[in-house]
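Below, all heavy atoms of this structure are taken into account, side chains as well, without hydrogens, waters or symmetry copies. Read the numbers this way: they start at 1 and go in the same order the structure lists the ligands and their atoms. None of these values were measured; they are calculated from a predicted model.
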Amino acid sequence: MPPPVTNADLAELLALEARDATGILQRALKRAARAAFLWPEEASELHRKGRRLTELHGVGPRIATMLQAWIENPVARAGDRDPLRADFLTLAEARLILATDPGWLQRLCGDLHMHTTWSDGSGSVADMAEMGAQRSYRYVAITDHSVGLKIADGIDEAELLEQAAEIAQVNASILRDGQAITVLRSIELNLNPQGEGDMSSEALARLDLVLGSFHSALRKKEDQTERYLAALRNPDLHILGHPRGRVYNFRIGLSADWPRVFAEAAALDKAVEIDCYPDRQDLNVELLGLVCEAGARVSLGTDAHDPSQLGSIELGLAAALKAGISADRIINFMPLADLLGWIAKLRDASRFVRGAG
Ligand SMILES: [Zn+2]
Ligand SMILES: [Zn+2]
């Protein structure tokens, strides 16, 4: 008996089917392929139990019939994944991985990457804090895009100060309600290909922590090691966001001498991110294996653009566990005081470098 068809297999079969389809059907197939990554259980299990596949998000009667045929004939499963769609975990798979070590979900103290209405997110600071509190987090970091990313309505320095006042208000009301969560002030600093940010060091020094990411020149074929080393050496940056820049079925992302990049992160004691957004999952399990060898710190962030998206943290957590990352390297496992202590140490070290330079 061949092993049952997984949601990852079904996603690939749907994506392949979409390639040859047109119009409404093509859009429905593409939507279902992406939705498969967040189906809470294996479709084959659902079918085995006699439940309807239309229970699954993004699945109408026509697609349900296709899924059923694939599930009942596992030999038809797709072969090797197209590299554009390879090494993405599904939620059903992630939950199986996390079940092997339940302590991991319990140790998770917070989410360090999310957007609000201050840039291109749909929730307010209070909405994101509320969803974090519902997940029993001790902290969430608000990381709206910085000014240079016009397409995402990036935030400038004056707006960053206004946002600080709003975050202070939200934290005060959390305290009044006796809740345990803290909203951290952060940003997703837009890095140019030279690894430089687009905000003053003074403005960034007022934040609790700084995440920085590349959003341009992401289709370069040549080795990009130098831009990564420059970004990590940028004294304002603490976490390198979605390092590779890949997007499911759209962009493969950049290439670099990854062992060298991760060794530099480890030497500087900075973190590389697992962006847990289902379409990103960046870093992925393969590259996290190299992070594990280098011993660099890892940050988990959902890159949520809506309060409903905080649940995809499980994808990143499972990827880290599967890759063998040790728990003491995951910064989201640190209590708040330790997390802020780590940032303070990085800032001391960068002042030393700035003073020497
Ligand atoms: Zn980004
Ligand atoms: Zn983001």
The Zn ion (ligand 2) - name of the N/O/S atom of His113 that sits closest to it: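 When I compare the N, O and S atoms of His113, NE2 is nearest to the Zn ion (ligand 2).
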
Whether [Y] and [X] form a salt bridge (side-chain N of Lys/Arg under 4.0 Å from carboxylate O of Asp/Glu) is what I want to check.
X	Y	answer
Asp348	Lys345	no
Glu45	Arg48	yes
Lys49	Glu41	yes
Arg81	Asp9	yes

Minimum-distance atom from the Zn ion (ligand 1) among N, O or S atoms of Glu188: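 Nearest N/O/S atom: OE2.
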
Metal check, the Zn ion (ligand 1) vs His215 N/O/S, cut-off below 2.8 Å: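 Yes, since at least one N, O or S atom of His215 sits under 2.8 Å from the Zn ion (ligand 1).
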
Asp303 near the Zn ion (ligand 1) via N/O/S, less than 2.8 Å: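 Checking the Zn ion (ligand 1) against Asp303, no N, O or S atom falls under 2.8 Å.
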
His242 backbone or side-chain N/O/S under 2.8 Å from the Zn ion (ligand 2):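 So His242 does not count as coordinating the Zn ion (ligand 2).
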
Metal check, the Zn ion (ligand 2) vs His115 N/O/S, cut-off below 2.8 Å: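 It does: His115 brings an N, O or S atom closer than 2.8 Å to the Zn ion (ligand 2).
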
CG on Leu254 to CG on Leu218, rounded to 0.5 Å: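 Taking CG in Leu218 and CG in Leu254, the distance rounds to 5.5 Å.
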
